[in-house]
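Taking it in order: structure first as structure tokens, then the write-up.
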Amino acid sequence: MKKITSKLLLLMMVLVMAFGLAACGSDDKKETTTSGTTTGGTSQTQAPTSTSAADNKDSKSSGKMYSSISEYLNDETVKKALSTMEKSVSGSGMNIKVTSEDDKLIYTFTYEKLEKTDEMAKQLEEGIKAQDATFQNTANQVKQYVDVDSATVVIKYVDSKGEEIYSKEYVSE
């Protein structure tokens, strides 16, 4: 069980690093959107992916980069960061998938060979509780970049059969 907790903490750190990379990339793009150049002075022509012209207009008028969490996840910088995160857990007995649903950013960690036990749920709850501030900060950061009333980050763990072991939601403040 200690091995599982160690993997959990490692994966949480990877998650934080990946989101940090995505947020940094988004911040550079935010500067590009308004000024036409990045802080390094190089021109950047790639614009964030948009689901429609109307969504893009609404997003820019609010000062946010993305009109939805789905649009945020489709940004090339974010995709690259998430791909790096997914590769980093490869071979650990767990995989991760990041999806969106309405105003929710959902991180689903799936144990490839383990089945749910009460002890696992307790261990995961303790490990996630120790990272509450990090995940709350992540929800707050998502709200800064995405035009939503409140952003929710969901951390979900499931076993090899797809049964939820533990989950927790963090709503932006």
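All heavy atoms count here, side chains included; hydrogens, waters and symmetry mates do not. A quick note: this is a predicted structure, and the numbers were derived from the prediction, not measured.
Counted by atom type alone, Asp75 and Tyr66 present one or more donor-acceptor pairs between their side chains at under 3.5 Å. No side-chain donor from either of Ser68 and Glu71 sits under 3.5 Å from a side-chain acceptor of the other.
Atom CD1 of Ile69 is separated from atom NZ of Lys143 by 11.5 Å, given to the nearest 0.5 angstrom. The distance from atom CG of Asp102 to atom OG of Ser70, rounded to the nearest 0.5 Å, is 10.5 Å. Atom CD of Gln123 and atom CD of Glu126 lie 6.0 Å apart (nearest 0.5 Å). Rounded to the nearest 0.5 Å, atoms CD (Glu125) and NZ (Lys122) are 9.5 Å apart. Of the inter-residue distances, the one linking Asp103 atom CG with Asp147 atom CG reads 9.5 Å to the nearest 0.5 angstrom. Distance check, rounded to the nearest 0.5 Å: NZ of Lys156 to OG1 of Thr110 gives 9.0 Å.
When all heavy atoms of Gln136 and Glu173 are compared, the closest pair comes out as NE2-CG, 3.5 Å. Taking every heavy atom of both residues into account, Ser172 and Ser150 meet most closely at OG-CA, 3.4 Å.
Side-chain contact check for Val153 versus Lys104: every heavy-atom pair is 4.5 Å or farther apart. Looking only at side-chain heavy atoms (C-beta outward), Glu112 and Asn95 come within less than 4.5 Å of each other. Ile96 places a side-chain heavy atom less than 4.5 Å from the side chain of Tyr107. Proximity of Thr152 to Leu105: side-chain heavy atoms (C-beta onward) are nowhere separated by under 4.5 Å.
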### Task
Could you walk me through whether Val146 and Met65 pass side-chain contact (heavy atoms from CB on, under 4.5 Å), step by step?
CA-CA 6 Å; Val146 181; Met65 277 203 58; over 6 Å; no
### Task
Dump the intermediate steps for side-chain contact (heavy atoms from CB on, under 4.5 Å) on Tyr166 and Ile155, then the final yes or no.
CA-CA 8 Å; Tyr166 181 79; Ile155 307 300; over 6 Å; no
### Message
As a quick check of understanding, evaluate side chain to side chain donor-acceptor pair (under 3.5 Å) for Ser167 and Glu164, giving each step before the final call.
### Response
CA-CA 7 Å; Ser167 68; Glu164 185 176 299; 2.9 Å; yes
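In summary, Glu76 and Lys79 engage in a salt bridge, as defined by a charged side-chain N under 4.0 Å from a carboxylate O.
Counting non-hydrogen atoms of neighbouring residues, nucleotides and ligands closer than 6.0 angstrom, the NZ atom of Lys168 exceeds 12 such neighbours.
Met85 and Ile106 fall into different hydrophobic clusters, defined by Ile, Leu, Val, Met, Phe, Trp and Tyr side-chain heavy atoms under 4.5 Å apart, directly or through other members. Note: the hydrophobic cluster containing Val89 also contains Leu82 (ILVMFWY, side chain heavy atoms under 4.5 Å, direct or indirect links). Put simply, Leu114 and Ile128 are part of the same group of oily side chains (I, L, V, M, F, W, Y) that touch within less than 4.5 Å, one to the next.
Tyr170 pairs with exactly one of Asn137, Asp132, Asn140 by the side chain to side chain donor-acceptor pair (under 3.5 Å) rule, that one being Asp132.
Of the possible polar contacts, none joining the Ser83 side chain to the Lys80 backbone as a donor-acceptor pair under 3.5 Å is found. Asp159 places a side-chain N or O within 3.5 Å of a backbone atom of Lys116 that can act as its donor or acceptor partner.
Ring pair Tyr157/Phe109: centre-to-centre distance below 6.0 Å.
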